[in-house]
Amino acid sequence: MNQFDFTKEINKEALTQCANDLRGGKLVVFPTETVYGIGANALNEKAVASIFQAKGRPHDNPLIVHVSDTAMLHEMVPYVSPIEKKLIDTFFPGPMTIILPKSEKIPSMVTCGLDTVGIRMPSNEIARMLIRQANVPVAAPSANISGRPSGTRLQDIKRELQDNVADMIDGGETDIGVESTVVKVQEDEVIILRPGKITPQDIEKLGLKVVLDKHTFEEAKIEEKVESPGMKHRHYAPTTETVLCVGSTLQKRRETMQAFIASHPEQKIGVIGVEENREYFQTFPYIAVGKKDDLDGISHHIFTALRQVDTLEVDVCLVEGVEKQGIGIAIMNRLLRACRYHVISIEE
Ligand code: TXA
Ligand code: MG
């Protein structure tokens, strides 16, 4: 495995090697503006199969196809509706994935047999140059073993994937920290299948109707049919038991955590919380994720924090919730899954 450091500048020679490897059917780990991806030539069935293998990914969870420009996009989808075009014109390149009808060029292995494909055009310069130079669409899920938190720093995911990929590109910490907003247009509505940095309000500003999928904050039942298969799978979970502590104010969330601690004297407890609550938990291992009003900062740190939980050596880790607004919707969607929907509050 080759590891290349692009944190200071893009090494053109190394980029060419990675692009050639990708094109030739090998796997490459690369940064995007959301999280790191593990990419394969989307037109090469064998390469795509090896992604499922490397991640231990269930074979009913389709991959997103990444393109470098609209010309490549139109080769992969036969038709784009006016609303879809509006989304593409506004949000591409950027942290959005749009579910579109799929062209026959894309192997059904990529979409797990669905007749739609998720298309994304990342804005991260390394990602775009890599795809442009490989000159093929790139199927890339988040670079992590299935079920683990996504990776926002190469050092967090290196050991999970290094034996199964040809190259890894270190582009430093990713900007956003949670994965792209996944949307699907149905009739005249934009359905958000997975919330992200691009919020319902951002889409409403275009004069479009927006609906959050009902599983945004709710667990899908095993037998239930879901719009996005990824919603059903175990996700982001540390091995250590985690409990999501919610409340309408900073103080209520703190009191919820304190109440849990008071009623579990026999357990060793850690906390993931905001800066403002740190001083109240001085005798506990505490991972601060940012200031309470800085939701972008919290989203940037959340996956690294979840990855640190298992190093705290505690019986239970309490996770402080955030407000469900803006990118807070995406943060809470990930935290609920990470905590396996175990939520407590002292409020009714
Ligand atoms: O930000 C991101 O989107 C990152 C970076 C690497 O681009 N990628 C990513 O991929 O998060 P992944 O595979 O971890 O998540 C893709 C999600 C899954 O929940 C999957 O079920 C859903 O998108 N998805 C993919 N294709 C779909 C389709 N045709 N219909 C519905 N959902 C789809
Ligand atoms: Mg993922």
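Order of appearance sets the numbers: ligands from 1, and atoms from 1 within every ligand.
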Problem - Heteroatom test (N, O or S) for Ser142 near the Mg ion (ligand 2), limit 2.8 Å - result: yes
Practice task
Assess the side chains of Thr249 and Arg254: does a donor N or O sit below 3.5 Å from an acceptor N or O?
Solution key: no
Exercise for the section: Return the orientation label for the His264 and Phe260 ring planes: parallel under 30°, perpendicular over 60°, tilted otherwise. Expected result: parallel
Problem - Donor-acceptor pair between Thr174 and Thr152 side chains, under 3.5 angstrom - result: no
Practice task
Measure from atom 24 (N) of ligand 1 to every heavy atom in Gly118, Pro31, Pro62 and give the option owning the shortest one.
Solution key: Pro62
Exercise for the section: For atom 7 (O) of ligand 1, grab the closest protein heavy atom and report residue, atom and distance to one decimal in Å. Expected result: His66 NE2, 2.7 Å
Handout entry: Within-cut-off N or O pair, Tyr36 and ligand 1, under 3.5 Å
Key = no
Practice task
Run the numbers for me: atoms of ligand 1, each under 4.0 Å from some heavy atom of Leu114, listed by number.
Solution key: 28 (C), 29 (N), 30 (N)
Exercise for the section: Considering only non-hydrogen protein atoms, determine which one is nearest to atom 3 (O) of ligand 1 and report residue, atom name and distance to 0.1 Å. Expected result: Ser180 OG, 2.5 Å
Practice task
Start with the C-alpha distance between Phe30 and Tyr36, add both sets of side-chain angles, then the distance that settles ring-ring contact (aromatic ring centres under 6.0 Å, His included), and finish with yes or no.
Solution key: CA-CA 6 Å; Phe30 64 96; Tyr36 275 78; 8.3 Å; no
Fill in the blank from the handout: In this structure, OG1 of Thr199 is separated from CG of Leu295 (nearest 0.5 Å) by 11.0 Å
Problem - atom 16 (C) of ligand 1 [closest protein heavy-atom partner, distance rounded to 0.1 Å] - result: Ile64 CD1, 3.5 Å
Exercise for the section: Test salt bridge (charged side-chain N to carboxylate O under 4.0 Å, His left out) on Arg120 and Glu33 and set out the steps. Expected result: CA-CA 12 Å; Arg120 165 155 144 71; Glu33 68 277 22; 3.0 Å; yes
Fill in the blank from the handout: One finds that the ligand 1 atoms under 4.0 Å from a non-hydrogen atom of Arg120 are 1 (O), 2 (C), 3 (O), 5 (C), 7 (O)
Exercise for the section: Just need the protein heavy atom nearest to atom 14 (O) of ligand 1, so name the residue and atom and give the distance. Expected result: Ser142 OG, 3.0 Å
Completion exercise
The protein heavy atom nearest to atom 22 (C) of ligand 1 is Ser228 OG, 3.3 Å
Problem - Which residue and heavy atom of the protein sit nearest atom 4 (C) of ligand 1, plus the separation - result: Val35 CG2, 3.8 Å
Handout entry: Test of proximity, Glu179 against ligand 1: N or O pairs below 3.5 Å
Key = no
Practice task
Given salt bridge (charged side-chain N to carboxylate O under 4.0 Å, His left out), test Lys105 with Glu75 step by step and report yes or no.
Solution key: CA-CA 8 Å; Lys105 282 190 191 160; Glu75 269 183 56; 3.6 Å; yes
Practice task
Say whether Ser248 and Glu347, considering side chains only, have a donor N or O and an acceptor N or O under 3.5 Å apart.
Solution key: yes
Exercise for the section: Decide whether a cation-pi geometry holds between Arg278 and Tyr286; the criteria are a distance under 6.0 Å from NZ or CZ to the six-membered ring centre and an angle within 45° of the ring axis. Expected result: no
Problem - Distance-only N or O hit between ligand 1 and Asn61, under 3.5 Å - result: yes
Problem - Lys184 near ligand 1 by a heavy-atom separation under 4.0 Å - result: no
Problem - Closest approach of Cys317 to Leu312 (non-hydrogen atoms, all atoms of both residues) - result: SG-CD1, 4.3 Å
Completion exercise
atom 6 (C) of ligand 1 has as its nearest protein heavy atom Gly37 CA, 3.6 Å
Problem - Contact partition for Ile99 relative to ligand 1, non-hydrogen atoms under 4.0 Å - result: side chain
Problem - Location of contacts on Arg57 toward ligand 1, heavy atoms closer than 4.0 Å - result: side chain
Handout entry: Side chain, backbone, both or neither: Glu227 near ligand 1, heavy atoms under 4.0 Å
Key = backbone
Problem - Side chain to side chain, Asp156 and Arg153, heavy atoms closer than 4.5 Å - result: yes
Exercise for the section: Please name the residue in the list Pro285, Pro149, Pro238 that meets the side-chain contact (heavy atoms from CB on, under 4.5 Å) test with Val309. Expected result: Pro238
Exercise for the section: Using distance alone, determine whether Thr34 and ligand 1 share an N or O pair under 3.5 Å. Expected result: yes
Practice task
Examine the proximity of ligand 1 to Arg194 and report which part, side chain or backbone, both or neither, has a heavy atom under 4.0 Å away.
Solution key: side chain
Handout entry: Exercise: do Thr32 and Asn124 side chains pair donor with acceptor under 3.5 Å
Key = no
Handout entry: atom 19 (O) of ligand 1: nearest protein contact (heavy atom, Å)
Key = Gly230 CA, 3.4 Å
